[in-house]
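Remarks on the structure that follows.
Not measured: the values here are computed from a predicted model.
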Amino acid sequence: MIDPADLAHCEASIRTGSYSFHAASRLLPDRVRNPALALYAFCRMTDDSVDLTQDKAAAVLTLGERLELIYRGTPRNAPADRAFAAVVEEFQMPRTLPEALLEGMAWDAMGKRYATLSDVYAYSARVAAAVGVMMTVLMRVRCPHALARACDLGVAMQLSNISRDVGEDAREGRFYLPTDWMDEFGVDLDAFLADPQPIKPIRRMVKHLLSDATRLYFRSEPGVAELPFACRPGIYAARHIYCGIGREIARADYDSITRRAFTSKGQKIGWLILSSMQAVAASAMPRSAVLYGKPLPECAYLVEAAADRLPSGNPWGEGRAGEVIAVLAQLKAREAARHRAALAEDRKRAI
């Protein structure tokens, strides 16, 4: 069980750091909402610890150590760590899932760029679809079809986030649109990052990405109907709230450079009501054939990790520790090389 004081800390961090999730979570039953708050607080902590520091590599490596301690059953003495450790134990959370999130954070710390839409999907699988699969596990659902649709929803949400934050990311030197698209439209990436402007090619790219997100939002809906009835309104609400961000971007003619799309409190209330009605309607509808579609190839390993029968003697599985450690080692080596280069430059200046 999660300590009530730790849970209160988690809810406070979500209330101020993730308005959309906090609004949608109010429709979840306590048996799911409480561990979900712990999960999102840990994810929020990992995101902030990387975004809000100059030494991103060190932050990611520290997160890897914290995750290792959690899976050993000896979490760091911090509310988010203790709460997430309780979730891991109660729900036998496959280690592959939070490790995927950690890998995505490592890619961010490395300043990785994504050449193709598939590469953007791979990133979204790690930082968003993995969270969707963990949420499904919290609902005690491990049906592979439901998990695949949870991945669709997670990727769609991340595509909405990327579309909303193009300008903000560019001003920080980050870029998540496919670089192949930049080549196709003849836009110089370095020039754009130096002076982000809502030029027509960028707006067309944002429109294209949001169209793909919309497709995935609709593809995700049959999976929501496979969740426990009490959980459906909250997940439908998350789907509508995040999709609403895309509609606000469209109203601004896909300019997410000079403005940042947001949804109003009134809109959120409307979507909460719609989601409750949709949850009831889904119970009366036959299963859609879309439910049985294959997962996105970039998300298949997440589905396999959560849907597989748990091995005896190791309830959480081995995870993808080897692959994640390789990414972290690469990150550490890159930071060490950067540090050596900086020292060499300082010596030259001293001479």
Below 4.5 Å, heavy atoms only, C-beta onward: do [X] and [Y] meet side chain to side chain?
X: Leu138; Y: Glu90; result: no
X: Ser163; Y: Leu210; result: yes
X: Glu298; Y: Ser118; result: yes
X: Trp181; Y: Ile202; result: no
X: Thr258; Y: Pro198; result: yes
X: Leu39; Y: Cys43; result: yes
X: Tyr242; Y: Asn161; result: yes
X: Pro228; Y: Met139; result: yes

Nearest 0.5 Å please: distance from the [atom1] atom of [X] over to the [atom2] atom of [Y].
X: Leu209; Y: Leu117; atom1: CG; atom2: CG; answer: 6.5 Å
X: Leu67; Y: Leu101; atom1: CG; atom2: CG; answer: 9.0 Å
X: Leu102; Y: Leu63; atom1: CG; atom2: CG; answer: 6.5 Å
X: Tyr121; Y: Cys299; atom1: OH; atom2: SG; answer: 9.5 Å
X: Tyr40; Y: Met134; atom1: OH; atom2: CE; answer: 9.0 Å
X: Ile249; Y: Arg259; atom1: CD1; atom2: CZ; answer: 11.0 Å

**Study point:** Candidates Leu147, Leu296, Thr136 - the one meeting side chain to side chain contact (heavy atoms under 4.5 Å, CB included) with Val303
**Key:**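 Result: among Leu147, Leu296, Thr136, Leu147 is the only option passing the side chain to side chain contact (heavy atoms under 4.5 Å, CB included) with Val303.
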
Exercise for review: Give a yes-or-no answer on whether the side chains of Tyr176 and Asp108 include a donor-acceptor pair shorter than 3.5 Å.
Suggested key: yes

Review point. Side chains of Tyr217 and Ser160: donor-acceptor distance under 3.5 Å anywhere?
Key: yes

Following the transitive rule for hydrophobic clusters with a side-chain heavy-atom cut-off under 4.5 Å over Ile, Leu, Val, Met, Phe, Trp and Tyr, establish whether [X] and [Y] coincide in one cluster.
X: Leu274; Y: Val280; result: no
X: Val224; Y: Val290; result: no
X: Val88; Y: Leu69; result: no
X: Phe185; Y: Ile162; result: yes

Exercise for review: Taking side-chain contact (heavy atoms from CB on, under 4.5 Å) as the test, write out the residues that go with Ile273, two or more places apart.
Suggested key: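 Scan of Ile273 (side-chain contact (heavy atoms from CB on, under 4.5 Å), adjacent residues dropped) gives Ile269, Met277.
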
Nearest heavy-atom neighbours spanning [X] and [Y]:
X: Leu28; Y: Cys231; result: CD2-O, 3.6 Å
X: Ser275; Y: Pro233; result: CB-O, 3.3 Å
X: Leu193; Y: Arg174; result: CD2-O, 3.9 Å
X: Leu291; Y: Ala146; result: CD1-N, 4.4 Å
X: Tyr71; Y: Met93; result: OH-O, 3.0 Å
X: Ser264; Y: Gln267; result: N-OE1, 2.8 Å

Donor-acceptor pair, side chain of [X] and main chain of [Y], under 3.5 angstrom:
X: Thr74; Y: Ile70; value: no
X: Asp119; Y: Ala115; value: yes
X: Asp188; Y: Ala191; value: yes
X: Ser124; Y: Val155; value: no
X: Arg76; Y: Asp81; value: no
X: Arg126; Y: Ala122; value: yes
X: Arg142; Y: Ala306; value: yes
X: Arg171; Y: Ile257; value: yes
X: Glu248; Y: Ile245; value: no

Check your understanding: Any chance CZ of Phe262 has more than 12 other-residue heavy atoms, nucleotides or ligands included, within less than 6.0 Å?
Key -> no

Check your understanding: Does NE2 in His9 sit with more than 12 non-hydrogen atoms of other residues, nucleotides or ligands closer than 6.0 Å?
Key ->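 Open: at most 12 neighbouring heavy atoms sit under 6.0 Å from NE2 of His9.
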
Exercise for review: Determine the interplanar angle of the Phe42 and Phe84 rings, folded into 0 to 90°, and report it as parallel if under 30°, tilted if 30 to 60°, perpendicular if over 60°.
Suggested key: parallel

Exercise for review: Could you please spell out the steps behind the side-chain contact (heavy atoms from CB on, under 4.5 Å) verdict for Tyr123 and Gln158?
Suggested key: CA-CA 9 Å; Tyr123 171 71; Gln158 186 60 27; 3.8 Å; yes

Exercise for review: List for me each residue that meets ring-ring contact (aromatic ring centres under 6.0 Å, His included) alongside Trp107, sequence neighbours excluded, and say none if there are none.
Suggested key: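 Checked Trp107 against ring-ring contact (aromatic ring centres under 6.0 Å, His included); zero matches.
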
Review point. Should Glu11 and Arg33 count as an ion pair when the cut-off is N to O under 4.0 Å?
Key: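 Yes, this pair counts.
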
Check your understanding: Is Arg232 salt-bridged to Glu221, going by a charged N under 4.0 Å from an acidic O?
Key -> no

Exercise for review: Check the pair Phe175, Leu189 against side-chain contact (heavy atoms from CB on, under 4.5 Å), reporting the backbone distance first and the verdict last.
Suggested key: CA-CA 9 Å; Phe175 192 77; Leu189 177 55; 3.6 Å; yes

Exercise for review: Before giving the answer on side-chain contact (heavy atoms from CB on, under 4.5 Å), spell out for Val120 and Leu177 the whole-Å C-alpha distance, their side-chain angles and the decisive distance to 0.1 Å.
Suggested key: CA-CA 7 Å; Val120 176; Leu177 296 173; over 6 Å; no

**Study point:** Passing candidate, salt bridge (charged side-chain N to carboxylate O under 4.0 Å, His left out) with Glu226, options Arg287, Arg149, Arg140
**Key:**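 That would be Arg287.
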
**Study point:** side-chain contact (heavy atoms from CB on, under 4.5 Å) between Tyr301 and Thr96, intermediate numbers included
**Key:** CA-CA 9 Å; Tyr301 81 98; Thr96 293; 3.8 Å; yes

Point to revise | Geometric cation-pi criterion Arg239 and Phe218, 6.0 Å radius, 45° cone | key: yes

Practice item. For residues 193-208, pull every pair meeting side-chain hydrogen bond (donor to acceptor under 3.5 Å, both in side chains), keeping only residues two or more places apart or in separate chains. Key: Asp195-Gln197, Arg203-Asp253

